[in-house]
Amino acid sequence: MHILHVVGARPNFMKAAPVLRALGAYPEVRQTLVHTGQHYDSAMSDVFFQQLEIPQPDFNLGVGSGTHAQQTAAIMQAFEGVLTKREPDMVLVYGDVNSTVAAALVCSKLGVKVAHVEAGLRSRDRSMPEEINRLITDQLSDLLFTPSPDGDENLVREGIDPAKIRRVGNVMIDTLIRLLPRAEQQFPPNVSKPYALVTLHRPSNVDDLDWLRDLLITLTELSTQLSVIFPVHPRTRQRLQTLTRVRAETAASPDPRSLNETKGSGRGANPDAGLTRTAPQLHLLDPLPYLEFLALQTKASLVITDSGGIQEETTFLGVPCLTVRENTERPITITQGTNQLVGRDLKKLRSAAEEILRHTASGEGVPESRNFVPLWDGHAAERIAQIIVRGSAK
Ligand code: UD1
């Protein structure tokens with residue numbers, strides 16, 4: 001049996017790693033790994049391959065960045081050649097990025113079976129590019145591996161044949177469970193507690209510069225109470241650079257509350273170069289490797305994010321999470337986890353953060369209150385492998 005995996009962007013790597021490993025346990029399975037090159041910076045890709053022990057890709061399509069149409073089309077064109085040459089029995093696609101939908105489209109046009117890992121999640125917000133990717137990928141998939149019951153329900157509601165849906169649990173949590181002991185050894189020595197950990201990269205938060213500036217002002221205010229550690233995604237870094245350029249061009253006098261300049265602009269910059277003059281406790285860093293970021297999550301007093309995966313990881317770790325979005329495709333992180341949506345409401349963000357800090361007087365997270373969502377048990381990828389190879393999971 002020949003299985004071909006397609007990955008492209010950072011969150012794909014954490015999801016594919018355990019599936020590659022689980023399928024590797026079956027001698028009858030041959031695997032091919034295709035990296036689309038959607039993410040290409042070493043800090044967004046290579047370092048994840050190393051830490052997650054993912055083998056070198058058999059193909060790197062090297063598509064890079066572009067508009068959605070450019071990127072999706074480039075992946076489709078390049079992937080079609082690989083698929084035709086390799087003729088796998090099944091293609092596995094992961095998550096909801098442009099690489100996911102592009103590969104699923106090519107497979108369905110060529111009549112190659114496609115399985116979607118992390119199927120069925122819905123934010124019901126079609127202004128999110130990922131929601132479009134999720135809807136289309138699920139419609140095209142022959143086998144849909146869901147992480148939680150809401151995923152199954154969404155798919156059935158959209159007319160997907162229930163026989164194609166298999167609830168297996170959360171592969172990202174497989175990776176977390178496997179690497180948590182190693183991550184705990186990697187806690188950055190120069191970080192002192194208590195601190196809040198921040199990630200923001202969604203277009204809805206970072207492409208609107210006025211909103212981004214207001215968010216940064218709020219983070220600066222929060223940094224008077226505790227350190228705020230903010231590893232900055234490349235998209236966000238670009239927007240921050242625009243923001244500081246616009247400010248420099250338009251501001252008659254500097255705003256004392258002004259955001260910190262990311263002086264370490266771009267690739268390979270020294271993270272410490274992001275420390276600021278106006279808010280010495282707000283640390284803007286380059287993107288962090290998986291283990292270091294996981295280590296920081298485990299000990300954070302709170303996490304502020306717009307990422308999907310981090311809502312899940314904080315739920316598993318029992319760390320309070322404030323999600324700066326109006327909706328989530330992962331409602332289980334609210335009903336059974338530690339996540340709260342604060343929407344586009346800075347007052348709510350401030351008051352929710354203060355409430356959390358009041359409750360965690362020690363200033364640390366509370367790992368003993370870990371929430372065990374059913375099937376988020378470290379074995380989701382093994383179930384996927386069993387279903388693919390044997391037809392069903394034990
Ligand atoms: C993509 C996914 C998003 C996911 C995120 C995780 C889509 C539609 N979006 O968003 O769902 O949450 O990855 O990180 O697939 N860039 C670099 N170096 C890189 C990659 C990107 O500098 O290695 C810059 C480029 O200027 C690029 C921008 O970041 O234009 C955005 O990259 P892109 O892959 O288009 O989307 P993300 O915002 O990363």
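The shown structure was predicted, so the numbers you read here are calculated from the model rather than taken from an experiment. Every number for a ligand or one of its atoms is a count from 1 in the order of the listing.
- Residues passing the salt bridge (Lys or Arg N to Asp or Glu O under 4.0 Å) test with Asp152 are Arg167, sequence neighbours excluded.
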Decide yes or no on side-chain contact (heavy atoms from CB on, under 4.5 Å) for Ile54 and His35, but give the supporting numbers first. CA-CA 11 Å; Ile54 303 175; His35 189 330; over 6 Å; no

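- Both the sub-6.0 Å distance and the 45° axial angle are satisfied by Lys193 relative to the ring of Phe187.
- Of the candidates Arg10, His68, Gln38, Gln38 brings a heavy atom nearest to atom 34 (O) of ligand 1.
- Among residues two or more places apart in sequence or in another chain, the side chain to side chain donor-acceptor pair (under 3.5 Å) test is passed with Gln31 by His5.
- For ligand 1 and Gln71, the ligand atoms under 4.0 Å from any heavy atom of the residue are 34 (O), 35 (O).
- Here the rule is side chain to side chain donor-acceptor pair (under 3.5 Å) with Asp208, and of Arg344, Arg213, Arg239 only Arg344 fits it.
- For ligand 1 and Pro11, the ligand atoms under 4.0 Å from any heavy atom of the residue are 6 (C).
- Across Gly8, Pro129, Ser65, heavy-atom proximity to atom 30 (O) of ligand 1 is greatest for Ser65.
- Each of the atoms 11 (O), 12 (O) of ligand 1 lies under 4.0 Å from some heavy atom of Arg202.
- The contact set between ligand 1 and Gln238, taken as ligand atoms under 4.0 Å from a residue heavy atom, comprises 24 (C), 25 (C), 26 (O).
- Nearest to atom 12 (O) of ligand 1 by heavy-atom distance, out of His201, Glu130, Gln70, is His201.
- Distances below 4.0 Å separate heavy atoms of Asn98 from the following atoms of ligand 1: 7 (C), 8 (C), 15 (O).
- Counting heavy atoms under 4.0 Å from ligand 1, residue His39 touches it through both backbone and side chain.
- When only interatomic distances are considered, the shortest N/O to N/O separation between Asp41 and ligand 1 falls below 3.5 Å.
- Screening Asp58, Leu61, Thr36 against Val82 for a side chain to side chain contact (heavy atoms under 4.5 Å, CB included) leaves a single residue, Leu61.
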I would like to know whether Thr333 and Glu312 meet side chain to side chain donor-acceptor pair (under 3.5 Å); could you show each step before the answer? CA-CA 6 Å; Thr333 61; Glu312 297 179 337; over 6 Å; no

